[in-house]
2 protein chains.
Amino acid sequence: MQLQYLRVFSHIEAVARAGSIRKAAEALFITPSALDRRVQDLEAELGVALFERHARGMRLTAAGEVFLHHVRAQRADFERVQTEIELLKGVRRGAVGIAASQALAYSVLPEVINGFRAANPGISFKVHICDRQAVVASLRAFEADLGLVYNVQPAGDLTLLMQVEQRLCAVMADGHPLAAQVSVKMRDCVRFPLALPDPSLGGRAILDGFFARSSLQPNVVLESNSFEMLRNYVRGNDAISFQVQVGTPLARVQDGVTARAIEERAFPRQPLTVAQLKGRHLPQPAVRFLASLRDAL
Amino acid sequence: MQLQYLRVFSHIEAVARAGSIRKAAEALFITPSALDRRVQDLEAELGVALFERHARGMRLTAAGEVFLHHVRAQRADFERVQTEIELLKGVRRGAVGIAASQALAYSVLPEVINGFRAANPGISFKVHICDRQAVVASLRAFEADLGLVYNVQPAGDLTLLMQVEQRLCAVMADGHPLAAQVSVKMRDCVRFPLALPDPSLGGRAILDGFFARSSLQPNVVLESNSFEMLRNYVRGNDAISFQVQVGTPLARVQDGVTARAIEERAFPRQPLTVAQLKGRHLPQPAVRFLASLRDAL
DNA sequence: TGCACCGTTCGAATTTTTGCAACACTGGCG
DNA sequence: CGCCAGTGTTGCAAAAATTCGAACGGTGCA
């Protein structure tokens, strides 16, 4: 849904994204001339050039960046108001936008969302799984209400809503020799080939911290930026992978893969952080979901 | 300055204020029918009735209140973005909106603003002097950026930025017998007629607190809701008035009136509070002025 | 009951926005 | 060097939207 009166703002955003009036016009199903006039009118009303006219297209000026950010903030707030109004009508509808690290796609998010939707059937979710930088970028672009991320670098425009200490667990095939134990030691794990998350993923920093302090020699046979890839890999052999353990039953077997707690307690900790863009008013559904999340973790 | 594309929002506000389409239309220099369509179109786009149609006019529905608040917040934020952009152009312009209690109109605000404008000539001010409730109302309606008020009742939608403990001082004519002393005692003051601020003003609560605990019998000859009234009254006779002392030189004589510190230290304290609406992004000039205020108090 | 005031509707007039074609310009490439 | 594909921009006509003026239907008050 889009307010008639806010078309121009979308137009600006489209031009910024497309990088040229002609491409943006095509995406908006209008002619370049009409779009050009909208841009010029707005620039005249603001008294600033929003774009640098380049021979190959248009790039945002500093003022344009500021204004675009305002436009996005305004739209996000308008959508919040809309769900607020829906709530007034008695309809419990609305959507929660979430940007999260991959580790959460496995069990945490699906399960918490499931539980939440059982109690609030009208609320829908938009979950964007991506790396750390993209999570922050999603928050900044108002595409996501909540960001769930490891290893957060404290940025000035973020508000940390919640932090949960996380521990790693070892992931292995169901019939793996170590699966007979309730919990495993790293010393035992390194006797098997290891399939590790790559540095773009959350758990890797913990492992690096551990191996740096220990004398164990890991035999890394696979690195990947996909937890799913790692899980599916260890199913077929005796390799061991690692994953952040987030409030999920450890012993559960799923698709032939199981997880075991790691005994070492001196592991470097790395908190899972839930964050929002500073100064934003979260839509009501997002606030409620945050409470659900807090209960679950 | 007003964005063309936000006309409708102003229209809604006008209708809400005027209480009827016809009056609002008159104020906006358009016909009732045009305005009516704008309202109806917007209601259709939102899917909610913003107004209750009454035989004597229109009143906001709950949804209308919510939406109107959003509109005002949006406009305030847009104005902030505008000054942000002006700043980018190198122009240091902008306005700070202040709502404050009367006690501050005498010396604090004029002087702090004067000092601030010496350093920032481009910044203009809108100072609205009013009572406590109106200060909070101004903040809620986005008419003021900063509210300066005594005796603040902690409302949930306000953020307290700064609190300064205030003391009372005695105000009297320049040639008053007590003016010979550097500081005065309340015991001496009550030997003279008293001109007191009335309960709508900040200092009164402090005085009431004192007299309730003490055995002194005040001889109240004048109560007023205007500090200026009180000051001008004591100039012509031997009455004594009281005023909050806010970082101003005590001994200064102005228009035949002077002030003296009060010796009693057990006076109930009452903090001057600087507040903003919770969740707002203050415009840059307001932030800088707040720093000035902090230095001065 | 009558009157004053309200919001609302209709079709025409007006204003604004859009489309189309052409123009002027820049950067890359043969 | 000149061509060419790409850009933003402008003039004028067409289309769409907003606005106007006048009349209609309803409600509260004297």
Side-chain angles (χ1 to χ4, degrees), chain A residues 1-65 67-68 71 75 78, chain B residues 1-65 67-68 71 75 78:
Chain A
M1 144 134 202
Q2 189 75 328
L3 253 286
Q4 185 77 263
Y5 310 95
L6 303 177
R7 272 174 306 173
V8 202
F9 297 151
S10 311
H11 290 181
I12 297 296
E13 194 171 13
V15 173
R17 188 192 340 266
S20 96
I21 286 202
R22 294 187 117 99
K23 282 177 193 153
E26 192 178 4
L28 295 169
F29 302 105
I30 57 177
T31 51
S33 75
L35 182 53
D36 178 61
R37 298 195 123 102
R38 284 295 70 68
V39 174
Q40 287 192 60
D41 287 355
L42 187 59
E43 288 183 323
E45 285 191 288
L46 291 173
V48 208
L50 261 20
F51 294 94
E52 291 170 353
R53 267 69 173 177
H54 203 264
R56 313 197 68 59
M58 305 179 84
R59 216 190 325 280
L60 283 170
T61 62
E65 302 260 17
F67 185 75
L68 181 58
V71 165
R75 176 183 313 143
F78 171 69
Chain B
M1 147 140 199
Q2 188 76 324
L3 254 286
Q4 186 77 267
Y5 310 95
L6 303 177
R7 273 174 305 174
V8 203
F9 296 152
S10 310
H11 290 183
I12 296 297
E13 195 170 11
V15 173
R17 185 190 344 265
S20 94
I21 285 200
R22 292 186 118 99
K23 283 178 193 155
E26 191 179 2
L28 295 168
F29 302 106
I30 56 177
T31 50
S33 74
L35 183 52
D36 180 59
R37 294 200 116 100
R38 286 294 69 72
V39 174
Q40 285 191 61
D41 287 354
L42 187 60
E43 288 183 323
E45 284 191 290
L46 291 172
V48 207
L50 260 20
F51 294 93
E52 291 171 352
R53 268 68 172 176
H54 203 264
R56 315 198 66 58
M58 304 179 83
R59 215 191 323 281
L60 282 170
T61 62
E65 303 260 18
F67 186 75
L68 182 59
V71 166
R75 176 181 313 143
F78 171 69

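Nothing here was measured: the structure is a model prediction, and the numbers come from that model.
For R53(B), the CZ atom sits in a packed shell: over 12 heavy atoms of surrounding residues, nucleotides or ligands are nearer than 6.0 Å.
The two residues I21(A) and M58(A) have their closest heavy-atom pair at CG1-SD, 3.1 Å. Between F51(A) and E43(A), the shortest heavy-atom distance links the atoms N-OE2, 3.2 Å. The shortest non-hydrogen separation linking L35(A) to A25(A) is CD2-N, 3.5 Å. When every heavy atom of A24(B) is checked against every heavy atom of A18(B), the shortest pair comes out as N-CB, 3.6 Å. Nearest heavy-atom pair across S20(B) and G57(B) is CB-CA, 4.2 Å.
Taking atom CD on Q40(A) and atom C1' on dG11(D), their separation rounds to 13 Å, with Å as the unit. Between the CG atom of D36(A) and the P atom of dC25(C) there is a distance of 16 Å, given to the nearest Å. Taking atom CD on E43(B) and atom C1' on dT8(C), their separation rounds to 12 Å, with Å as the unit. To the nearest angstrom, P of dT26(C) lies 16 Å from CD of E52(A). Atom CZ of R53(A) is separated from atom C1' of dA24(C) by 15 Å (rounded to the nearest Å).
The stretch residues 16-25 of chain B touches DNA chain C through S20(B), I21(B), R22(B), K23(B), each having a heavy atom under 4.0 angstrom from the strand.
Counting heavy atoms from C-beta outward, R7(B) and R38(B) have side chains that stay 4.5 Å or more apart. When side chains are defined from C-beta on, H11(B) counts as touching I30(B), because their heavy atoms get closer than 4.5 Å.
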Output a table of nitrogen or oxygen pairs between the protein and nucleotides 11-20 of chain C separated by less than 3.5 Å.
unit_1, atom_1, unit_2, atom_2, d
dT18(C), OP2, R38(A), NH1, 2.5
dG19(C), OP2, T31(A), N, 2.7
dG19(C), OP2, T31(A), OG1, 2.9
dG19(C), N7, S33(A), OG, 3.3
dC20(C), N4, S33(A), OG, 2.8

Can you check nucleotides 27-30 of chain C for protein contacts, nitrogen or oxygen pairs under 3.5 Å, and list what you find?
none

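The side-chain hydrogen bond (donor to acceptor under 3.5 Å, both in side chains) check on R56(B) picks up nothing, with sequence neighbours excluded. The side chain to side chain contact (heavy atoms under 4.5 Å, CB included) test applied to A63(A) returns V48(A), T61(A), I85(B), L88(B), not counting sequence neighbours.
Counting only residues at least two apart or in different chains, side chain to side chain donor-acceptor pair (under 3.5 Å) contacts with residues 28-37 of chain B comprise D36(B)-Q40(B).
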